[in-house]
Amino acid sequence: MSDALGSDQSPPALLIRKLASTAQLTDRDRGAIGTLPFTVRTFPGRTSIVHEGDAPKQCCLILDGWAYRCRTLANGQRQIFAFYVPGDMPDIESLHLHVMDQGLVAIAQTTVAFVAHKDMRALIQSNTNVAMALWRDTLIDATRCRERVISLGRRQAVGRMAHLFCEMYVRLRTVALADDLRYLLPLTQAELADALGLSSVHANRSLQELRKMGLVTLHRRELIIQDWSGLATTAEFDPSYLHLI
């Protein structure tokens, strides 16, 4: 995890920083989150953190690396729904939905902190404001999914890719993992294609088009946004759906 996240890189501190980006937290709220007992585990790249059909007894917090949620069809085709970065809790809905209808996969080497459902339930039952902050975070995750549906259904391929690049920059900047219009993008071409509903060939063509337009470059997994205004215009990107404060 980047030192830019702050000197305290503990799971509670990262969760507090993430929730504070979208909700107001009091000192009492922060203290309550700080008592959560986490267990940390590191997953190699391209391995499952949670499988489709699992009935987890714990929630996870991404500490370092990226993960994605996906469904894989019987023919092996995969649709990636969402990407998760440090500070995100991708499976908090497992508190209420007892069987996972999608998988959660580490992209590169990813470090995850697990907290038992019983401890999460105790926290939200004793602290209404933290419960509301977690609920708000889950609702914002849903708005991101709706925006992805708009991309898949109505945006052209170049616009889809531009929108994803814009969103990830804003989200990574929130946890101090992006700055100066650049960030690490650990996705393979196939993963990028599966997130955008494109073939790998079409995804590559779309990336080349963004390069030709002078909007981005991608070198050794680092995405550099050369023209933010142009990229946002191409994407029709309005960050209001991320509900940052």
Side-chain angles (χ1 to χ4, degrees), residues 1-2 5 9-12 14-15 18 36-121 134 137-138 140-142 144-149 151-152 160-161 164 167-168 171-172 175 177 183-200 203 221 223:
M1 193 173 352
S2 169
L5 287 172
Q9 298 179 6
S10 66
L14 182 55
L15 180 57
K18 172 61 191 304
L36 283 173
F38 286 93
T39 301
V40 177
R41 181 180 170 190
T42 298
F43 292 82
R46 278 78 202 180
T47 59
S48 291
I49 300 170
V50 181
H51 294 84
E52 293 180 40
D54 279 357
K57 302 299 183 184
Q58 55 193 1
C59 298
C60 68
L61 170 72
I62 305 297
L63 294 183
D64 188 38
W66 286 40
Y68 62 77
R69 288 198 298 183
C70 70
R71 284 286 301 277
T72 303
L73 301 180
N75 64 4
Q77 291 187 315
R78 172 184 61 182
Q79 179 64 53
I80 293 175
F81 301 122
F83 293 107
Y84 296 95
V85 298
D88 289 335
M89 296 192 79
D91 63 345
I92 195 168
E93 71 267 26
S94 66
L95 283 170
H96 305 288
L97 304 177
H98 302 305
V99 176
M100 298 299 291
D101 61 356
Q102 57 211 313
L104 180 67
V105 179
I107 296 177
Q109 179 173 289
T110 299
T111 302
V112 176
F114 293 97
V115 57
H117 283 173
K118 64 180 180 63
D119 294 313
M120 286 298 295
R121 291 193 180 102
L134 289 166
D137 188 62
T138 302
I140 292 170
D141 190 18
R144 294 198 302 261
C145 285
R146 288 196 293 273
E147 195 68 24
R148 188 81 68 241
V149 170
S151 280
L152 293 173
R160 293 180 204 179
M161 186 171 288
L164 177 63
E167 177 185 305
M168 297 313 301
R171 289 173 59 195
L172 287 164
V175 289
L177 290 174
Y183 59 91
L184 293 179
L185 184 71
L187 306 179
T188 65
Q189 187 168 289
E191 288 164 342
L192 191 57
D194 287 348
L196 299 176
L198 304 171
S199 68
S200 292
R221 301 291 173 89
L223 183 81

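Positions are given from 1 along the sequence. Computed from a predicted structure; not experimentally measured.
- In this structure the side chain of K118 never reaches within 4.5 angstrom of the side chain of K57, judged on heavy atoms.
- Side-chain contact between L134 and M89 is present, with at least one heavy-atom pair separated by less than 4.5 Å.
- The heavy-atom pair separating A190 from S200 by the smallest distance is CA-OG, 3.8 Å.
- R121 pairs by the salt bridge (charged side-chain N to carboxylate O under 4.0 Å, His left out) definition with nothing, not counting sequence neighbours.
- The shortest heavy-atom contact between C59 and L95 is SG-CG, 3.9 Å.
- Residues passing the side chain to side chain contact (heavy atoms under 4.5 Å, CB included) test with N75 are L73, Q77, sequence neighbours excluded.
- Partners of R71 under the salt bridge (charged side-chain N to carboxylate O under 4.0 Å, His left out) rule, at least two apart in sequence or in another chain, are E52.
- L198 places a side-chain heavy atom less than 4.5 Å from the side chain of R160.
- Taking every heavy atom of both residues into account, H117 and P56 meet most closely at CE1-O, 3.0 Å.
- In this structure V105 satisfies the side chain to side chain contact (heavy atoms under 4.5 Å, CB included) test together with S48, Y68, C70, sequence neighbours excluded.
- The minimum heavy-atom distance linking A67 with L104 is given by the pair CB-CD1, 3.9 Å.
- Partners of A195 by side chain to side chain contact (heavy atoms under 4.5 Å, CB included), not counting sequence neighbours, listed by chain and number: I80, F83.
- In this structure R144 satisfies the side-chain hydrogen bond (donor to acceptor under 3.5 Å, both in side chains) test together with D141, sequence neighbours excluded.
- A search for side-chain hydrogen bond (donor to acceptor under 3.5 Å, both in side chains) contacts involving H51 returns nothing, not counting sequence neighbours.
- When the options V40, I62, V50 are evaluated for a side-chain contact (heavy atoms from CB on, under 4.5 Å) with V112, the one that passes is I62.
- Considering all non-hydrogen atoms of both residues, V115 and P37 come closest at CG2-O, 3.6 Å.
- Interatomic distance, L185 CG to L192 CG, rounded to the nearest 0.5 Å: 7.0 Å.
- Taking the side-chain hydrogen bond (donor to acceptor under 3.5 Å, both in side chains) definition, one finds that E147 meets it with R155, H163, sequence neighbours left out.
- Between F43 and F114, the ring-plane angle classifies as perpendicular under the 30° and 60° cut-offs.
- The distance from the NE2 atom of H96 to the OG1 atom of T138 is 8.0 Å, given to the nearest 0.5 Å.
- Residues passing the side-chain hydrogen bond (donor to acceptor under 3.5 Å, both in side chains) test with S199: none are found, sequence neighbours excluded.
- A heavy-atom distance below 4.5 Å is not found between the side chains of S151 and L164.
- The only member of L63, D137, L61 that meets side-chain contact (heavy atoms from CB on, under 4.5 Å) when paired with L15 is L61.
- Of the inter-residue distances, the one linking D64 atom CG with L14 atom CG reads 9.5 Å to the nearest 0.5 angstrom.
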Working for side-chain contact (heavy atoms from CB on, under 4.5 Å), residues R148 and F81
CA-CA 8 Å; R148 188 81 68 241; F81 301 122; over 6 Å; no

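- In this structure, Q109 contributes its side chain and G45 its backbone to no donor-acceptor pair below 3.5 Å.
- Contact of the M120 side chain with the L36 side chain is registered, since non-hydrogen atoms from C-beta on lie closer than 4.5 Å.
- Residues passing the side chain to side chain contact (heavy atoms under 4.5 Å, CB included) test with D88 are K18, Y84, V85, R171, sequence neighbours excluded.
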The test is side-chain contact (heavy atoms from CB on, under 4.5 Å); show your working for L152 and Q79 and say whether it passes.
CA-CA 11 Å; L152 293 173; Q79 179 64 53; 4.0 Å; yes

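- Within the structure, salt bridge (Lys or Arg N to Asp or Glu O under 4.0 Å) contacts touching residues 89-117 (residues at least two apart or in different chains) are R69-E93.
- Residue pairs meeting the salt bridge (Lys or Arg N to Asp or Glu O under 4.0 Å) criterion with at least one partner in residues 191-200, sequence neighbours excluded, are R46-E191, R78-D194.
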